[in-house]
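Inspection log for the structure reproduced underneath, given as structure tokens.
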Amino acid sequence: LRMLKQVARVTAQSKASGCSQLVLPLRFLGSSSRQVPADASFHSTSFSEAEPPRVLITGGLGQLGVGLASLLRKRFGKDNVILSDIRKPPAHVFHSGPFIYANILDNKSLREIVVNHRISWLFHYSAVLSAVGEANVPLARDVNITGLHNILDVAAEHNVRLFVPSTIGAFGPSSPRNPAPDLCIQRPRTIYGVSKVHAELMGEYYYYRYGLDFRCLRYPGIISADSQPGGGTTDYAVQIFHAAAKNGTFECNLKASTRLPMMYISDCLRATLEVMEAPAERLSMRTYNISAMSFTPEELAQALRKHVPDFQITYCVDPLRQAIAESWPMNLDDSSARKDWGWKHDFDLPELVATMFNFHGASTRIAQAN
Ligand SMILES: NC(=O)C1=CN([C@@H]2O[C@H](COP(=O)(O)OP(=O)(O)OC[C@H]3O[C@@H](n4cnc5c(N)ncnc54)[C@H](O)[C@@H]3O)[C@@H](O)[C@H]2O)C=CC1
Ligand SMILES: CC(=O)[C@H](N)C(=O)O
């Protein structure tokens, strides 16, 4: 209705001005050799209150995807959220809701999935993270850049609202580090960072060019209790909890003083759902920083000692990860997200540590009992 009213208003205005042509903002115009309809944005509101979105999550078996599926299924219903990956799901994931094989490098099958399952929202989580990306640049380029192109095209062609996560890794050594604002110089030195800046810019371009409803958050390093990280620079902040609960010691691959922005997974996933549900008129940008806390390995170890008093940390620095971490911001400025769509984190460092220990303490006790 809103869109019809808008068209009627624009038509009335153009009649009143004596102009017979329907004048639309540049965002509404488009023609291309790709199969993107020029009037894509006339249909871009794909979710009415009567009908929940039909959701596809790509790369869903990584650190974040299963948790996202669980959150979205609570909100939209189990059968409306399809998890996908190129790996075989563990039994508990397979039995928790719809799961399909989806390779983002296979254009044709992506289209089939979106059409056959009437997908209206897509969360694009497939990626090769920072450390693994430096070890295999061609793979990172294929998955993070070619794969993204396939996703952008299929989303624009079928009027799918698209979420693509970016990262603190989209900043580089010449970006302001404390804090990094939403808009600043971005010259990352990793293929991961370059691919994420590319994703931010391509998504914004498709928004203006084709009316694609592209939404993007720059995540800090994400800390989760029940899923393992996939080969990034911030992985130590997850592994340290497993090690502390298991044997009370941890060898850290970053220097004691390396400060990075971090976030507990439930804040990250809630932010993701909130920005996807935010009314379009609340979003002044397509890509927002989000932030919660920032700490060094030494500060984290100190916080852990409140729960494991004799916890020991040693350092065996990995030069590759250290160089990456030193090129990333120490803090993100997320004031725009807070102002525009009301973003607010729940977990600071003490709550994070207590929550992680509750989980690990419980699983250690279960393992001991078994
Ligand atoms: N975990 C974190 O700390 C952060 C994650 N992000 C972003 O969030 C997203 C999800 O991150 P994680 O779950 O941690 O990543 P992850 O590395 O744990 O999982 C990525 C998934 O992508 C899948 N994948 C790889 N190639 C594929 C292909 N050709 N087709 C389909 N799937 C493919 C992998 O099998 C894997 O399950 C990524 O885009 C990542 O860049 C951003 C900042 C921080
Ligand atoms: C911050 C990220 O994007 C990721 N965890 C990584 O370290 O590569």
Side-chain angles (χ1 to χ4, degrees), residues 56-69 83-90 93 99-107 109-110 113 122-136 138-151 162-171 180 188 190-200 203 216-224 227-239 253-254 258 260-265 267-269 271-272 287 289-292 294 318 320-322 324-325 327-329 332:
L56 175 68
I57 302 171
T58 66
L61 294 184
Q63 186 191 356
L64 307 185
V66 173
L68 180 69
L83 198 60
S84 74
D85 207 300
I86 52 172
R87 296 189 280 142
K88 195 169 160 184
V93 173
F99 179 89
I100 55 172
Y101 173 90
N103 183 347
I104 58 159
L105 298 176
D106 181 347
N107 244 320
S109 94
L110 271 182
I113 291 166
L122 199 159
F123 293 81
H124 177 46
Y125 269 8
S126 307
V128 173
L129 271 59
S130 58
V132 176
E134 288 314 289
N136 192 342
L139 177 70
R141 206 184 47 200
D142 282 352
V143 174
N144 297 3
I145 298 180
T146 308
L148 173 92
H149 291 170
N150 293 339
I151 293 285
L162 175 63
F163 178 84
V164 178
S166 186
T167 160
I168 49 174
F171 297 103
T190 60
I191 184 65
Y192 178 59
V194 168
S195 69
K196 289 294 187 177
V197 176
H198 179 73
E200 293 176 8
C216 173
L217 297 178
R218 291 194 193 105
Y219 292 165
I222 306 301
I223 299 171
S224 55
S227 57
Q228 295 297 324
T233 305
T234 59
D235 291 8
Y236 92 86
V238 180
Q239 291 155 353
N253 55 19
L254 295 182
T258 313
L260 288 168
M262 302 280 181
M263 181 177 284
Y264 185 56
I265 186 167
D267 273 341
C268 162
L269 301 180
T272 303
T287 298
N289 290 346
I290 52 166
S291 155
S294 167
D318 169 6
L320 174 83
R321 282 186 166 83
Q322 186 63 37
I324 295 175
S327 75
W328 287 358
L332 294 183

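Every number for a ligand or one of its atoms is a count from 1 in the order of the listing. Just so you know, these numbers use all the heavy atoms, side chains as well, and skip hydrogens, waters and symmetry mates. When a residue number appears, it is its place in the shown sequence, counting from 1.
Here the heavy atom of the protein found nearest to atom 40 (C) of ligand 1 is Y192 OH, 3.5 Å. If you check which protein heavy atom lies closest to atom 5 (N) of ligand 2, you get T234 OG1, 2.8 Å. For atom 1 (C) of ligand 2, the closest non-hydrogen atom of the protein is T167 OG1, 3.6 Å.
Using a 4.0 Å cut-off between heavy atoms, Y192 contacts ligand 2 through its side chain alone, with no backbone atom that close. Counting heavy atoms under 4.0 Å from ligand 1, residue P229 does not touch it at all. For L64, heavy-atom contacts with ligand 1 shorter than 4.0 Å involve the backbone as well as the side chain. Here Q63 has heavy atoms under 4.0 Å from ligand 1 in both its backbone and its side chain. Under 4.0 Å from ligand 1, not a single heavy atom of R218 appears. Contact annotation: for I168 versus ligand 2, heavy atoms closer than 4.0 Å belong to the side chain alone. Neither the backbone nor the side chain of S84 comes within contact range of ligand 1; no heavy atom lies under 4.0 Å.
The S130 neighbourhood of ligand 2 comprises atoms 6 (C), 7 (O), 8 (O), with distances under 4.0 Å to a heavy atom of that residue. Using a 4.0 Å cut-off to heavy atoms of T233, the atoms of ligand 2 that qualify are 6 (C), 7 (O), 8 (O). Close contacts of ligand 2 with W328, meaning ligand atoms under 4.0 Å from a residue heavy atom, involve 1 (C), 6 (C), 7 (O), 8 (O). Atoms of ligand 1 found under 4.0 Å from any heavy atom of G230 (numbered from 1 in listed order, with element): 17 (O), 18 (O).
Judged by distance alone, the side chains of S130 and T190 never bring a donor and an acceptor atom under 3.5 Å apart. Defined by atom type and a distance below 3.5 Å, a donor-acceptor pair is missing between the side-chain atoms of E200 and T287.
Residue contacts with ligand 1 include A102, since one of its heavy atoms falls under 4.0 Å from the ligand.
Proximity annotation for atom 3 (O) of ligand 1: of V128, I222, L110, I222 comes nearest, heavy atoms only. Compare G147, P89, S126 by their heavy atoms: the one nearest to atom 22 (O) of ligand 1 is in S126.
A search for ring pair (Phe, Tyr, Trp, His ring centres under 6.0 Å) contacts involving Y219 returns nothing, not counting sequence neighbours.
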